[in-house]
Amino acid sequence: MKTKILVSACLMGFKVRYNGSHKDEVQHTLSRWQEEGRLVVHCPELAAGLPVPRLPAEIVGGEGNDVMADRAKIVESDGRDVTAHYQLAAWLALDAARSAGCEAALLTDGSPTCGSRTIYNGLFQGAKKPGDGVAAALLRQHGIRVFSGEQIDELILWVNEKEKMNDPV
Ligand code: SF4
């Protein structure tokens with residue numbers, strides 16, 4: 001069976017920051033996956049009803065796992081607590097992934113929702129720290145492999161290896 005992948009909507013068009021020397025090959029693979037119906041394009045924040053445009057939001061006092069466990073919060077740049085909206089966004093991302101049978105996710109890094117390697121540090125100074133956003137954290141908690149937009153190579157390798165093991169001929 002072909003592996004399905006949840007993809008951050010804002011990564012579509014594949015305008016991802018990708019610095020590899022074989023960019024064409026990567027883009028070809030992603031286009032093929034799209035044609036094969038493997039990609040489930042989703043924006044958790046839009047699904048949760050957050051408006052466009054919206055104020056920047058950052059995780060304060062922890063990272064995505066802490067927010068999902070109510071040990072940290074997410075606030076907008078004007079100080080408004082939007083934790084509940086972002087927790088809902090995470091659950092909707094998990095629901096979208098599970099409903100479509102996704103085993104992996106390719107997410108935009110840096111976001112308080114989709115970040116998977118880095119998030120902003122909660123001080124609204126443009127500085128990042130290591131950590132997951134809420135959706136990345138929840139997806140991982142439920143066994144879905146999460147890759148950032150900068151890890152497309154690793155995702156392709158992971159999918160190829162997995163499918164080779166399932167169909168060794
Ligand atoms: S990074 Fe933000 S805008 Fe992009 S898909 Fe995730 S929630 Fe939506």
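From a predicted model like this one, the values you see are computed outputs, not experimental measurements.
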Atom of [X], atom of [Y] and distance for their closest heavy-atom approach:
X      : Y      : answer
Asp81  : Lys73  : OD2-CD, 3.8 Å
Lys4   : Ala100 : CD-O, 3.1 Å
Ala104 : Leu155 : CB-CD1, 4.0 Å
Asp78  : Arg80  : OD1-N, 3.0 Å
Pro44  : Ala93  : CG-CB, 3.9 Å

Mind checking whether [X] and [Y] sit in one hydrophobic cluster, side chains of I, L, V, M, F, W, Y counted as touching below 4.5 Å?
X      : Y      : answer
Tyr120 : Ile59  : no
Ile74  : Leu55  : no
Leu50  : Leu6   : yes
Val40  : Phe147 : no
Ile119 : Val82  : yes

When you measure from the side chain of [X] to the backbone N and O of [Y], does any donor-acceptor pair fall under 3.5 Å?
X      : Y      : answer
Glu163 : Asn160 : no
Glu58  : Phe124 : yes
Asp66  : Glu63  : yes
Glu103 : Ile5   : no
Lys129 : Gly62  : yes
Arg98  : Asp95  : no
Glu36  : Arg38  : no
Asp109 : Thr118 : yes
Ser8   : Thr108 : yes

Atom [atom1] in [X], atom [atom2] in [Y]: separation rounded to 0.5 Å?
X      : Y      : atom1 : atom2 : value
Glu76  : His85  : CD    : NE2   : 8.0 Å
His28  : Ile156 : NE2   : CD1   : 10.0 Å
Ser148 : Arg117 : OG    : CZ    : 4.0 Å
Met68  : Leu94  : CE    : CG    : 8.5 Å

Apart from Val52 itself, what residues make up its hydrophobic cluster, given side-chain heavy atom links below 4.5 Å? Leu46
Show your reasoning for whether side chain to side chain donor-acceptor pair (under 3.5 Å) applies to Asp132 and Ser116. CA-CA 4 Å; Asp132 278 336; Ser116 64; 5.2 Å; no
Would Arg32 and Glu35 count as a salt bridge (charged side-chain N to carboxylate O under 4.0 Å, His left out) if you check the C-alpha gap in whole Å, the side-chain angles of each, and the deciding distance to 0.1 Å? CA-CA 5 Å; Arg32 179 169 54 80; Glu35 280 164 21; over 6 Å; no
Any side-chain donor-acceptor pair under 3.5 Å between Lys162 and Thr3? yes
For Gln87 and Asp70, does a side-chain donor sit closer than 3.5 Å to a side-chain acceptor? yes
Assess whether a salt bridge exists between Arg54 and Glu45, defined as any Lys/Arg side-chain N lying under 4.0 Å from an Asp/Glu carboxylate O. yes
Where does the angle between the aromatic ring planes of His142 and Trp91 fall among parallel (under 30°), tilted (30 to 60°) and perpendicular (over 60°)? perpendicular
Before giving the answer on side-chain contact (heavy atoms from CB on, under 4.5 Å), spell out for Met1 and Asn166 the whole-Å C-alpha distance, their side-chain angles and the decisive distance to 0.1 Å. CA-CA 8 Å; Met1 206 170 79; Asn166 291 343; over 6 Å; no
Check whether any side-chain heavy atom of Leu123 sits under 4.5 Å from a side-chain heavy atom of Val60, and report yes or no. no
So which of Leu39, Leu30, Leu106 actually passes side chain to side chain contact (heavy atoms under 4.5 Å, CB included) with Leu11? Leu106
